[in-house]
Amino acid sequence: MSDIGDLRIRPNEARGAPAAEDSPPQERKLFVQSFGCQMNVYDSQKMTDLLGREGYGAAAGPEDADLIILNTCHIRERASEKIFSELGRLRELKALRAVEGRKTKIVVAGCVAQAEGAEIHRRQSAVDVVVGPQSYHRLPELLRRAEREKHVVDTDFPVEDKFGFLARPTPAETRKRGVSAFVTVQEGCDKFCTFCVVPYTRGAEFSRPVAAILEEAAALTAAGVRELTLIGQNVNAYHGADGRGGEADLAALCAELARASGVKRIRYTTSHPNDMGEALIEAHRAQPKLMPFLHLPVQSGSDAVLAAMNRKHTSAGYIALCRRIRAARPDIALSSDFIVGFPGETDADFEATLQLIEDVGYASAFSFKYSPRPGTPGAERTDQIAEDVKSERLARLQALIESQRQAFNRAMVGRTVEVLIERRGRHPGQIAGKSPYLQAVQLEGGDELIGESVAVEIVATGPNSLFGKLASETTARPPAAAEQSARGLV
Ligand code: SAH
Ligand code: SF4
Ligand code: F3S
């Protein structure tokens, strides 16, 4: 996989605005573009819902929009700088629309907003509102203020729970989520890895109460959602109030959610190795609705680099953890994040990372060149690694991951797996969904299967998806442990 500027989600996947039904009369149009991680995708949906209730309908594109929101990511320099070039384009668009007598408001939300605050107005005065990830529930009020004031900034970490302010979505809003939806269950991070801005942009760790999550999940499943992906910067550190005076961990939350018959699949992301407790590992053994795919970022295979990153785990500890997880769920597919070229990383450190990848065996992974971020300890170090060394290491690491990914996908051919059908495929008569191992699967089939879990025999693999046909048998067979080709020695 490539060193993508914005994480995992392409902006298009998060674009959208409320459907016409159940909404007030729509005079104004909204365009939201989401960068970065799944948390931002979820927040973009929430902002869209919120503004739908204020009368904003869907704009086809930014040219058509009275209100444009960029929901931004600060994780790497490239992700952050991209926002300013995008804002340059939007400034021209705003001026053009003004000539035509149309007003445009530009909002910068998300992690760049949090990190840069009023500095954004200084760099780009066409921006009307800057709002951080913990205060976007105040957007309607901030937009009203922007009618009177030139530059509005809200980067507070308000004490009120923003989720409490985001009213339960209407059926029309929930229907737009499709078959698979994200639910934020945890936010923020207290771990302070020395490369990372998240603790500064998202604030301290916070878990939503179980009851609020169950309520949101019930609304989603009533609207046809079948797969829930629980999201959080440290989702497996989840410890939400259980309503009985105690706290529920992520395993307990999954068990509660699995009780609902409408929920067919549960996933969660992103996990920290140190929070992967026994109860959660056991849930992978015992809970059939918990999908056998785990994103478990390790970042590096060198103990010296891991210590410098403040990860508080070793390479051997991580490998032992993978072994315990695989003992509980032998067919589990693992993925990870890697950073190459952290300050001080030697050739031997990098070789240790390649060795860890060989040892674990991944189904996929994201990998990045270290990007020094202002305000983080890593950026202060004087032993930064040269760009060409980072590029060369990244290419080698990505080639290894890609070969593991392809081997993992190839090993699916001939197997029958349960596929949750999510949507129509690329061509008429085709449908598409996901395997338990998070692989995209395309097959021939009718629209009536959308939302259903069907047994699919995998017949071929392409660069980015698997191809299958509806299996005559009704039950899918998980691969035996020995068949798991992406497994390394672990
Ligand atoms: N909470 C998640 C990470 C969120 S950020 C976790 O702990 O796994 C997603 C990924 O971006 C990280 O796992 C890391 O690999 C990468 N990343 C974060 N900061 C970075 C930086 N300064 N340079 C390069 N990659 C970075
Ligand atoms: Fe960033 Fe580390 Fe927290 Fe993940 S655990 S969000 S990498 S500080
Ligand atoms: Fe980016 Fe913020 Fe997510 S920095 S990765 S959008 S938490």
Side-chain angles (χ1 to χ4, degrees), residues 7 34 36-47 49-50 71-75 109-115 117 131-139 154-169 181-193 196-217 219-220 228-254 256-257 266-277 279-280 295 297 310 312 375-376:
L7 276 175
S34 198
C37 63
Q38 293 94 332
M39 313 289 294
N40 265 10
V41 174
Y42 177 89
D43 291 344
S44 294
Q45 287 167 343
K46 288 286 176 195
M47 286 190 268
D49 290 350
L50 182 69
N71 198 12
T72 61
C73 175
H74 194 58
I75 201 83
C111 292
V112 177
Q114 189 64 44
V131 61
Q134 304 308 349
S135 41
Y136 67 77
H137 54 292
R138 297 175 179 165
L139 256 179
D154 186 345
T155 50
D156 282 358
F157 287 108
V159 280
E160 74 261 25
D161 169 12
K162 85 180 164 205
F163 296 100
F165 274 71
L166 300 166
R168 207 170 158 219
F182 293 136
V183 180
T184 295
V185 302
Q186 179 277 335
E187 265 209 86
C189 180
D190 299 335
K191 294 207 164 55
F192 292 92
C193 300
C196 185
V197 292
V198 171
Y200 312 95
T201 63
R202 293 274 170 167
E205 217 187 285
F206 164 81
S207 295
R208 292 177 71 191
V210 173
I213 296 164
L214 291 181
E215 191 187 342
E216 186 163 339
L220 289 166
L228 298 174
T229 302
L230 312 179
I231 54 175
Q233 273 92 13
N234 267 287
V235 73
N236 57 344
Y238 176 83
H239 57 102
D242 65 2
R244 297 183 292 271
E247 280 189 344
D249 61 10
L250 190 63
L253 177 65
C254 290
E256 291 275 358
L257 288 165
I266 302 171
R267 302 182 184 277
Y268 60 90
T269 198
T270 292
S271 298
H272 192 287
N274 293 1
D275 293 317
M276 203 66 214
L280 192 53
H295 184 63
N310 193 31
K312 300 201 170 80
T376 60

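Owing to the predicted nature of the structure, the values given are computational and were not obtained by experimental measurement.
The OH atom of Y238 lies 10.0 Å from the SG atom of C254; values are rounded to the nearest 0.5 Å. Rounded to the nearest 0.5 Å, atoms CD (Q233) and CD (Q38) are 10.0 Å apart. Here CD of Q45 is found 8.5 Å from OG of S34. Values are rounded to the nearest 0.5 Å. Note that CD of E187 and CE of M39 are 4.0 Å apart. Values are rounded to the nearest 0.5 Å.
No side-chain heavy atom of Q134 sits less than 4.5 Å from a side-chain heavy atom of D156. Residues V112 and C73 form no side-chain contact, since every pair of their non-hydrogen atoms from C-beta on lies 4.5 Å or further apart. With a 4.5 Å cut-off on side-chain heavy atoms, L230 and L250 count as touching. Between E256 and L214, some side-chain heavy-atom pair lies under the 4.5 Å cut-off.
By the salt bridge (Lys or Arg N to Asp or Glu O under 4.0 Å) test, E247 is found to be paired with no residue, residues two or more places apart in sequence or in another chain being considered. Here C196 pairs with I75, C193, V198, P199 under the side chain to side chain contact (heavy atoms under 4.5 Å, CB included) rule; sequence neighbours left out. Partners of D154 under the salt bridge (Lys or Arg N to Asp or Glu O under 4.0 Å) rule, at least two apart in sequence or in another chain, are R138. A279 is linked by a side chain to side chain contact (heavy atoms under 4.5 Å, CB included) to D249, A251, counting only residues two or more places apart in sequence or in another chain. With sequence neighbours left out, E205 forms a salt bridge (Lys or Arg N to Asp or Glu O under 4.0 Å) with no residue at all. Listed by chain and number, the residues in a side chain to side chain contact (heavy atoms under 4.5 Å, CB included) with T201 are H74, C111, Q114, A115, V197 (sequence neighbours excluded). Residues meeting the side chain to side chain contact (heavy atoms under 4.5 Å, CB included) test with Y42, sequence neighbours left out: K46, F163, F182, T184, R208, E216, I231. Residues satisfying the ring pair (Phe, Tyr, Trp, His ring centres under 6.0 Å) test with F206, not counting sequence neighbours, are none. H239 pairs by the ring pair (Phe, Tyr, Trp, His ring centres under 6.0 Å) definition with nothing, not counting sequence neighbours. Every residue two or more places apart in sequence or in another chain that forms a ring pair (Phe, Tyr, Trp, His ring centres under 6.0 Å) with Y268 is listed here: H284. For Y136, the side chain to side chain donor-acceptor pair (under 3.5 Å) partners at least two apart in sequence or on another chain are D43.
Screening residues 266-275 for salt bridge (charged side-chain N to carboxylate O under 4.0 Å, His left out), with sequence neighbours left out, gives K191-D275, E227-R267.
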Exercise for review: Start with the C-alpha gap between Y200 and T376, add the side-chain angles, then the distance that decides, and say whether side-chain contact (heavy atoms from CB on, under 4.5 Å) holds.
Suggested key: CA-CA 9 Å; Y200 312 95; T376 60; 4.0 Å; yes
Practice item. Applying side-chain contact (heavy atoms from CB on, under 4.5 Å), run through V185 and V235 and close with a yes or a no. Key: CA-CA 7 Å; V185 302; V235 73; 3.6 Å; yes
Point to revise | side-chain contact (heavy atoms from CB on, under 4.5 Å) assessment of T229 paired with V183 | key: CA-CA 6 Å; T229 302; V183 180; over 6 Å; no
Exercise for review: Report the C-alpha distance between V131 and L139 in whole Å, list the side-chain angles of each, state the deciding distance to 0.1 Å, and finish with yes or no for side-chain contact (heavy atoms from CB on, under 4.5 Å).
Suggested key: CA-CA 8 Å; V131 61; L139 256 179; 4.2 Å; yes
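Side-chain atoms of Q186 never come within 3.5 Å of backbone atoms of N236 as a donor-acceptor pair (strictly under, hydrogens ignored). Side-chain atoms of T155 do not come within 3.5 Å of backbone N or O of G117 as any donor-acceptor pair.
Under 3.5 Å, the side chains of S44 and N71 contain a donor-acceptor pair of N or O atoms.
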